[in-house]
Amino acid sequence: MAAAEVYSLHDLERWSEATAGINPPLRLAVCGDPVAHSASPPMHNAALEALGIDARYTRLHLRAEDLPRAFQLLREIPFTGVNCTIPHKLAALELVDVVDASARRAGGVNTVQVTSDGHLIGHSTDGPGFSRAVREAFGGQLSGMRVAVLGAGGGAGRAIAMQCAFEGAAALALINRTVEKIETLSSEIRREFPLCEVSIHPSDPAIIADPLARTDVIVNCTALGMKPGDASPLPTPLISSRHLIYDSIYTSNRTPLMLAADGAGARSANGLSMLLHQGALAFEIWFGRQAPIEVMRAALR
Ligand code: NAP
C-alpha cells in the first residue's frame with residue numbers, strides 16, 4: 001500500500017490497518033489544521049532516507065477537539081515524535097507530560113518527543129531555529145543586537161522575541177497591529193531578562209520610525225506577505241541600508257518585505273532557513289544525532 005498524503009484521527013485509531021504494508025513504517029508526523037500544505041514531510045523523509053533510518057514522516061489532519069485523543073494514541077502506537085503547527089502549538093503545552101524550557105519560553109510546543117516508556121516531552125525549536133537561520137543568513141549572533149519584531153503578538157513573534165532576549169539581545173522593539181497583545185510578553189521579558197531594553201509599539205509607521213532607526217535586525221512575524229498581492233509590513237523609507245531584514249515567511253523567494261529591503265539597499269533573507277533549522281533541531285531531538293542539513297535543504301527547495 002502506498003502512503004496517503006494526509007491521515008486523520010480515525011486513521012490513528014486503527015494505525016496498523018490504515019498503514020498496513022507501508023515500509024518503512026510511518027512513525028513521525030506534522031499535525032495541524034490545515035496541514036496539507038506542510039513542507040515538513042519531504043524535508044524529514046529525505047533526512048530519514050539519507051541516514052538509513054527505518055521510519056517515515058507524514059501529515060496528520062487533526063481538529064482542535066481531536067488533539068487529546070491523538071496525543072494518547074501517539075504513546076500507544078508508538079510514534080517517535082510529531083511536530084505541531086497552526087493551531088495546535090498552544091494546546092500541546094497542556095497535553096504533554098513535560099514542557100521543556102524552550103517550549104515554556106516560546107509559549108507553545110512545535111516538537112513532541114515520545115520516549116521509549118510512552119512519555120511525551122514538549123519542545124519548541126522555533127526560536128533556536130530562527131537563531132541558527134540569522135547566523136547563517138547574516139553571519140552574526142543575536143547577543144548584543146538591537147532587534148525589532150513585527151507581529152510580536154503572534155506565536156512566531158513571541159518565540160523569536162523570547163529567543164532574542166534569552167541569547168542576550170541588547171534591545172527589543174516589540175511591534176504589533178493590536179498593541180494590547182504584546183503587553184504581557186513585554187512584562188515577561190522585562191522580568192526574566194532585565195538586561196534587555198524592551199519597548200512596545202503599535203504598527204503605525206509614524207510611531208515606529210524612531211525605534212527602527214535604532215535597530216540592527218528587523219524580523220517580520222506578521223502574516224503580511226503570505227498571500228499574493230499583500231503589501232510589505234514596512235514601507236521602504238523606514239528601512240536603511242544597514243538594517244538586516246529577516247522575513248519569517250517562506251512561501252515566496254522574494255517576499256514584499258524583501259523587495260522593500262532591496263529598495264533601501266538592505267540585506268534580507270526569507271523564512272526558509274528558519275523552517276530548515278527548526279526541522280533539523282527537531283530531528284536531532286528525536287534521533288540524538290546530527291541532522292543532514294544539506295539533504296534537508298535540497299528537499300525543501
Ligand atoms: P499568528 O499567531 O496567527 O500571528 C499572526 C501575527 O500577524 C499577529 O501578530 C497579527 O497581528 C499579525 N497580522 C496578521 N495579519 C496582519 C495584517 N494584515 N497586518 C499587520 N499584522 C498582521 O501566526 P504565527 O504562527 O505567529 O505566524 C506568523 C508568521 O510567521 C507567518 O507568516 C508564518 O508563515 C511565519 N512562521 C514562519 C516559520 C518558519 O519556520 N519560517 C515558523 C512559524 C511561523 P494581530 O495580533 O494584531 O492580529
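Note that ligands are numbered from 1 as they come in the structure, with each ligand's atoms numbered from 1 the same way. When a residue number appears, it is its place in the shown sequence, counting from 1.
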Taking only non-hydrogen atoms of K181 and a 4.0 Å limit, the atoms of ligand 1 in range are 45 (P), 46 (O), 48 (O)
Would you check, one step at a time, whether the test salt bridge (Lys or Arg N to Asp or Glu O under 4.0 Å) holds for K89 with D126? CA-CA 11 Å; K89 291 183 185 183; D126 282 337; 2.7 Å; yes
Among non-hydrogen protein atoms, atom 33 (C) of ligand 1 lies closest to M226 SD, 4.2 Å
the protein heavy atom lying closest to atom 11 (O) of ligand 1 turns out to be N176 OD1, 3.7 Å
The protein heavy atom nearest to atom 19 (N) of ligand 1 is L224 CD1, 3.5 Å
Do D100 and R105 sit within salt-bridge range, that is, some charged N less than 4.0 Å from a carboxylate O? no
Quick note on ligand 1: atoms under 4.0 Å from a heavy atom of I249 include exactly 32 (O)
Worksheet entry | Sub-4.5 Å side-chain heavy-atom contact between T111 and F283 | no
*asked:* Taking the side chain as everything from C-beta on, heavy atoms only, tell me whether P128 gets closer than 4.5 Å to Q163.
replied: yes
### Message
Could you check whether any side-chain N or O of Y246 sits under 3.5 Å from a backbone N or O of N270, counting only pairs where one atom can act as donor and the other as acceptor?
### Response
yes
Among L275, T251, L150, T178, the residue with a heavy atom nearest to atom 47 (O) of ligand 1 is T178
Is there a heavy atom in C221 that sits closer than 4.0 Å to ligand 1? yes
Quick note on ligand 1: atoms under 4.0 Å from a heavy atom of G151 include exactly 9 (O)
The protein heavy atom nearest to atom 42 (C) of ligand 1 is M274 CE, 3.8 Å
Is H243 close to T215 at the side-chain level, that is, under 4.5 Å between some pair of heavy atoms? yes
_Within the supplied structure, the quantity of interest is the number of heavy atoms (other residues, nucleotides, ligands) at a distance under 6.0 Å from R190 CZ; does it exceed 12?_
yes
for atom 35 (C) of ligand 1, nearest protein heavy atom and its distance come out as S248 OG, 3.3 Å
Atom 25 (O) of ligand 1 has as its nearest protein heavy atom I86 CD1, 3.7 Å
Protein heavy atom under 4.0 Å of atom 3 (O) of ligand 1: no
* To do: May I have the step-by-step check of salt bridge (Lys or Arg N to Asp or Glu O under 4.0 Å) for D66 and R69, ending in yes or no?
  => CA-CA 6 Å; D66 297 340; R69 175 67 183 148; over 6 Å; no
of all protein heavy atoms, closest to atom 24 (P) of ligand 1 is A156 N, 3.9 Å
| message | Under 6.0 Å between ring centres: does that hold for W286 and F79? | response | no
d(M162 CE, S102 OG) to nearest 0.5 Å is 11.5 Å
shortest atom 17 (C) of ligand 1-to-protein heavy-atom contact is with R177 NH1, 3.2 Å
A student checking ligand 1 against G271 at a 4.0 Å heavy-atom cut-off should list atoms 41 (N)
